[in-house]
Amino acid sequence: MPQRWRTLSLLVLAALISGLAVGRVMAQTAEPGSGGDPLVSKSYVDMVALYRVEEVPAGSTVVGESGTELVLRGGQATAVVSELGGLLDVTAGTDIKGGARIPANHLIVVPRSDGRGFYAVTDLILMVKGRITILEQ
């Protein structure tokens with residue numbers, strides 16, 4: 001019986017070592033642009049990884065997609081919300097209700113793609129990370 005366990009243990013150990021070696025070789029030889037090493041475009045990185053400045057005319061509505069981050073740098077805006085809730089003020093740790101004034105220099109996150117965003121009371125300067133649609137009046 002001990003011989004059988006020793007043989008089984010050696011087989012299991014050999015399988016583990018082989019699996020690790022194959023995985024390492026596959027990780028090192030991933031073809032650029034393949035599923036193992038995907039490429040992304042500069043515009044995608046700019047859209048989701050970097051803040052950009054957007055100027056919004058008064059009377060317009062800025063609608064963000066889920067996960068969009070907005071910072072009001074200039075002007076006055078009020079919250080546009082949906083029946084499912086408001087906007088997340090990460091800086092204050094609060095939920096901004098519909099029609100409430102957006103505080104300047106606070107990080108605001110749009111939690112869902114359901115029409116939430118800002119209404120521009122005056123011309124706005126925003127820092128944006130993510131996708132937005134500007135609906136001009």
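These numbers come from a predicted model, not from an experiment.
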Quiz item: Step by step, would you call Arg116 with Leu84 a side chain to side chain contact (heavy atoms under 4.5 Å, CB included)?
Solution: CA-CA 10 Å; Arg116 302 180 209 198; Leu84 296 176; 3.4 Å; yes
Practice problem: In sequence, state the C-alpha distance, the side-chain angles, and the governing distance for Asn105 and Leu72, and then conclude on side chain to side chain contact (heavy atoms under 4.5 Å, CB included). | Solution: CA-CA 6 Å; Asn105 302 313; Leu72 178 63; over 6 Å; no
Practice problem: Report the C-alpha distance between Asp89 and Asp95 in whole Å, list the side-chain angles of each, state the deciding distance to 0.1 Å, and finish with yes or no for side chain to side chain contact (heavy atoms under 4.5 Å, CB included). | Solution: CA-CA 6 Å; Asp89 183 340; Asp95 189 56; over 6 Å; no
Quiz prompt | side chain to side chain contact (heavy atoms under 4.5 Å, CB included) assessment of Thr68 paired with Lys129 | solution = CA-CA 6 Å; Thr68 296; Lys129 185 193 300 184; over 6 Å; no
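For Thr122 (side chain) and Ala58 (main-chain N/O), no donor-acceptor pair under 3.5 Å exists by modelled atom type.
Looking at Glu54 and Ile132, their side chains come closer than 4.5 Å, going by heavy atoms from C-beta outward. Side-chain atoms of Ser60 and Gln137, non-hydrogen and from C-beta on, never get closer than 4.5 Å to each other.
With rounding to the nearest 0.5 angstrom, the CZ atom of Arg112 is 8.5 Å from the OG atom of Ser66. To the nearest 0.5 Å, the span separating CG on Leu124 from CD on Gln76 amounts to 9.0 Å. The line from CZ of Arg101 to OG1 of Thr78 is 10.0 Å long, rounded to the nearest 0.5 Å. Note that CD of Glu55 is 5.5 Å distant from CD1 of Ile125, once rounded to the nearest 0.5 Å. From Arg131, atom CZ reaches atom CD of Glu65 across 6.0 Å, with rounding to the nearest 0.5 Å.
Residues meeting the salt bridge (charged side-chain N to carboxylate O under 4.0 Å, His left out) test with Asp123, sequence neighbours left out: none.
Nearest heavy-atom pair, Pro57 versus Ala120, reported as atom, atom and distance to 0.1 Å: O-CB, 3.5 Å. Of all heavy-atom pairs between Val81 and Lys97, the closest is CG1-C, 3.9 Å. For the pair Asp114 and Ser82, the tightest heavy-atom approach, listed with the atom from each and the gap, is OD2-OG, 2.7 Å.
Linking ILVMFWY residues whenever their side-chain heavy atoms come closer than 4.5 Å, directly or via other members, places Leu107 and Met127 in the same cluster. Val56 and Tyr119 end up in different hydrophobic clusters when Ile, Leu, Val, Met, Phe, Trp and Tyr side chains are linked at under 4.5 Å. Hydrophobic clustering places Tyr51 together with Leu88 (ILVMFWY residues linked when any side-chain heavy atoms are closer than 4.5 Å, directly or through intermediates). Linking Ile, Leu, Val, Met, Phe, Trp and Tyr residues whenever their side-chain heavy atoms come within less than 4.5 Å leaves Ile134 and Val80 in two separate clusters. Hydrophobic clustering, with ILVMFWY side chains joined whenever heavy atoms are under 4.5 angstrom apart, groups Val128 together with Ile102.
Shown are Leu126, Ile96, Val71; of these, the side chain to side chain contact (heavy atoms under 4.5 Å, CB included) with Ile108 is made only by Ile96.
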